**Student:** 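There's a structure below that I have some questions on.
Nothing here was measured: the structure is a model prediction, and the numbers come from that model. The basis for the numbers below is simple: all heavy atoms, side chains too, and nothing from hydrogens, waters or symmetry mates.
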Amino acid sequence: MRIVVKVGTSTLAYATGCLNIRHAELLVKTLSDLKNAGHEIILVSSGAIGMGVGRLSLKEKPQDMPTKQAAASVGQCELMYTYDRLFGEYNHTVGQILLTGADFSHADRKQNFENTLERLLELGVIPVVNENDTIATDEISVGDNDTLAAMAACSAKADLLVLLSDIDGLYTKDPHKNQDAQLIPLVTEITPEIMQLADGEGSGLGTGGMITKISAARIAMDFGMDMVIANGARPRGLYDIVEGKSVGTRFRKG
Ligand code: GLU
């Protein structure tokens, strides 16, 4: 199986901007094992800005564009250093791909991305994709990594897209506020009701929230690909997800 796994900042870093070593190690270990089992893995990783905040000892996430982009520049190095080191422990090689929205709207640039991705996978590399936050401004950026992951998964003609977040999946109500909130295990159609859940109550705390995850699901389902939202604090759930078992919320065209 060709699997695209997207991991959010809230899974990778603490609120301080420092690396969540436990989550990062467990994620890399699981992905390495899935690769050893014969799967092709593409990792879409957020965290550049968040880790830059930590590395530069900034008090909070910057609001102005130059500082945000400077933080991403520093944090992206930290991210790749971390992945290179952790995947290296299992003898796997990573390659960095940084994209903006414009790379998907120009046919030749998109084609170059797809060619490189394919070649990296043939060479046994685990591509690590992120938005090129050091140059992406609002006009040209994809804007969030849930959508970026869905676009990359379509480009890669992947079999499965998994979004690892700080929430177990899509709920009937906000689980942080409602004890009777129920996890929705399977969504076969993005109905207005599902949109409404994402819009208000069901949202998680991650960067993109649930809205961007549902729009990623729409892209994946239109392509004919399954997408799963699961909790990044338990990356071992990926084994069951790959086997098609019920973990988190699966979006599968009915
Ligand atoms: N590209 C951003 C980063 O690496 C994250 C965007 C997102 O989380 O959706 O910091």
Side-chain angles (χ1 to χ4, degrees), residues 4-13 15 43-50 61 63 65 68 72 99-105 129-133 136-155 158 160-178 180-233 237 241 247-254:
V4 176
V5 177
K6 180 256 171 179
V7 59
T9 307
S10 56
T11 298
L12 279 177
L43 179 59
V44 177
S45 178
S46 301
I49 298 174
K61 192 173 169 180
Q63 294 307 317
M65 192 57 86
K68 228 191 268 186
L99 298 165
T100 65
D103 296 318
F104 287 97
S105 44
V129 180
N130 195 0
E131 179 123 42
N132 192 350
D133 292 315
T137 51
D138 291 345
E139 299 78 49
I140 60 158
S141 70
V142 175
D144 71 88
N145 276 4
D146 295 325
T147 310
L148 179 74
M151 289 161 82
C154 293
S155 279
L160 175 68
L161 169 62
V162 183
L163 304 182
L164 295 178
S165 184
D166 58 358
I167 193 160
D168 286 350
L170 182 66
Y171 280 84
T172 51
K173 295 175 186 169
D174 186 344
H176 301 108
K177 294 187 200 138
N178 300 280
D180 61 341
Q182 304 267 324
L183 181 73
I184 303 173
L186 181 67
V187 175
T188 54
E189 199 190 345
I190 310 290
T191 57
E193 290 75 30
I194 294 288
M195 287 306 293
Q196 210 162 355
L197 287 181
D199 211 18
E201 305 276 289
S203 302
L205 300 171
T207 318
M210 211 36 93
I211 297 176
T212 54
K213 288 177 179 54
I214 301 297
S215 71
R218 195 191 288 278
I219 296 170
M221 285 163 97
D222 283 348
F223 192 81
M225 189 193 321
D226 277 19
M227 190 194 96
V228 175
I229 302 173
N231 201 318
I241 293 170
V247 176
T249 301
R250 185 175 287 255
F251 296 78
R252 170 178 283 170
K253 207 167 183 172

**Student:** Which atom names give the shortest non-hydrogen contact between Asp146 and Gly209, and what distance separates them?
**Tutor:**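 Smallest heavy-atom distance, with atoms named: OD2-O, 4.0 Å.
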**Student:** Please tell me if the side chains of Val44 and Val4 come closer than 4.5 Å, counting only heavy atoms from C-beta onward.
**Tutor:** yes
**Student:** Of all the heavy-atom pairs spanning Leu197 and Tyr171, show the shortest one and how long it is.
**Tutor:** CD1-O, 3.7 Å
**Student:** Closest heavy-atom contact between Ala48 and Asn130?
**Tutor:** CB-ND2, 3.6 Å
**Student:** Less than 4.5 Å apart, side chain to side chain, heavy atoms only: is that true for Met227 and Val162?
**Tutor:**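 Of all side-chain heavy-atom pairs linking Val162 with Met227, none is under 4.5 Å.
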**Student:** Within the structure provided, determine whether Val129 and Leu99 are in side-chain contact (heavy-atom separation under 4.5 Å).
**Tutor:** yes
**Student:** Hey, does Asp180 have a side-chain heavy atom less than 4.5 Å from the side chain of Lys173?
**Tutor:**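 Lys173 reaches Asp180 side chain to side chain.
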**Student:** Can you find a heavy atom in the side chain of Leu161 that is under 4.5 Å from one in the side chain of Asp226?
**Tutor:** no
**Student:** Is Thr9 reaching over with its side chain to a backbone N or O of Gly47, donor-acceptor style, under 3.5 angstrom?
**Tutor:** yes
**Student:** Could you go through Arg218 and Met195, starting from their C-alpha distance and side-chain angles, then the distance that decides it, and tell me whether this counts as side-chain contact (heavy atoms from CB on, under 4.5 Å)?
**Tutor:** CA-CA 10 Å; Arg218 195 191 288 278; Met195 287 306 293; 3.4 Å; yes
**Student:** Report yes or no: does Arg250 contribute a side-chain atom to a donor-acceptor pair with the main-chain N or O of Ile241 at less than 3.5 Å?
**Tutor:**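 Yes, because the side chain of Arg250 sits within donor-acceptor range (under 3.5 Å) of the backbone of Ile241.
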**Student:** What verdict does the side-chain contact (heavy atoms from CB on, under 4.5 Å) test give for Leu164 and Asn231, after you've listed the backbone C-alpha separation in whole Å, the side-chain angles of each residue and the deciding distance to 0.1 Å?
**Tutor:** CA-CA 5 Å; Leu164 295 178; Asn231 201 318; over 6 Å; no
**Student:** Between Lys6 and Lys213, what is the shortest heavy-atom contact and its length?
**Tutor:** NZ-NZ, 4.5 Å
**Student:** Are any of the side-chain heavy atoms of Asp133 and Lys68 separated by less than 4.5 Å?
**Tutor:**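 Counting from C-beta outward, Asp133 and Lys68 never come under 4.5 Å.
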**Student:** Start with the C-alpha gap between Asn145 and Ser46, add the side-chain angles, then the distance that decides, and say whether side chain to side chain donor-acceptor pair (under 3.5 Å) holds.
**Tutor:** CA-CA 7 Å; Asn145 276 4; Ser46 301; 2.8 Å; yes
**Student:** Identify the two heavy atoms, one from Ala217 and one from Ile190, that lie closest to each other, and give their separation to 0.1 Å.
**Tutor:** CB-CD1, 4.1 Å
**Student:** One pair to check against side-chain contact (heavy atoms from CB on, under 4.5 Å): Ile184 and Thr172. What are the steps and the verdict?
**Tutor:** CA-CA 7 Å; Ile184 303 173; Thr172 51; 4.0 Å; yes
**Student:** Do Leu186 and Phe251 come within less than 4.5 Å of each other through their side chains, counting heavy atoms only?
**Tutor:** no
**Student:** With a 4.5 Å heavy-atom cut-off, do Ile214 and Leu170 have their side chains touching?
**Tutor:** yes
**Student:** Nearest 0.5 angstrom please: Met151 CE to Ser105 OG, how far?
**Tutor:**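 Separation between the atoms: 7.5 Å.
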**Student:** Of all heavy-atom pairs between Ala72 and Ile49, which one has the smallest distance, and what is that distance?
**Tutor:** CB-CG1, 3.8 Å
**Student:** Yes or no on side-chain contact (heavy atoms from CB on, under 4.5 Å) for Ile219 and Cys154, after CA distance, side-chain angles and deciding distance?
**Tutor:** CA-CA 8 Å; Ile219 296 170; Cys154 293; 3.7 Å; yes
**Student:** Do Thr147 side-chain atoms and Ala216 backbone N/O form a donor-acceptor pair below 3.5 Å?
**Tutor:**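 Not confirmed, Thr147 side chain does not pair with Ala216 backbone.
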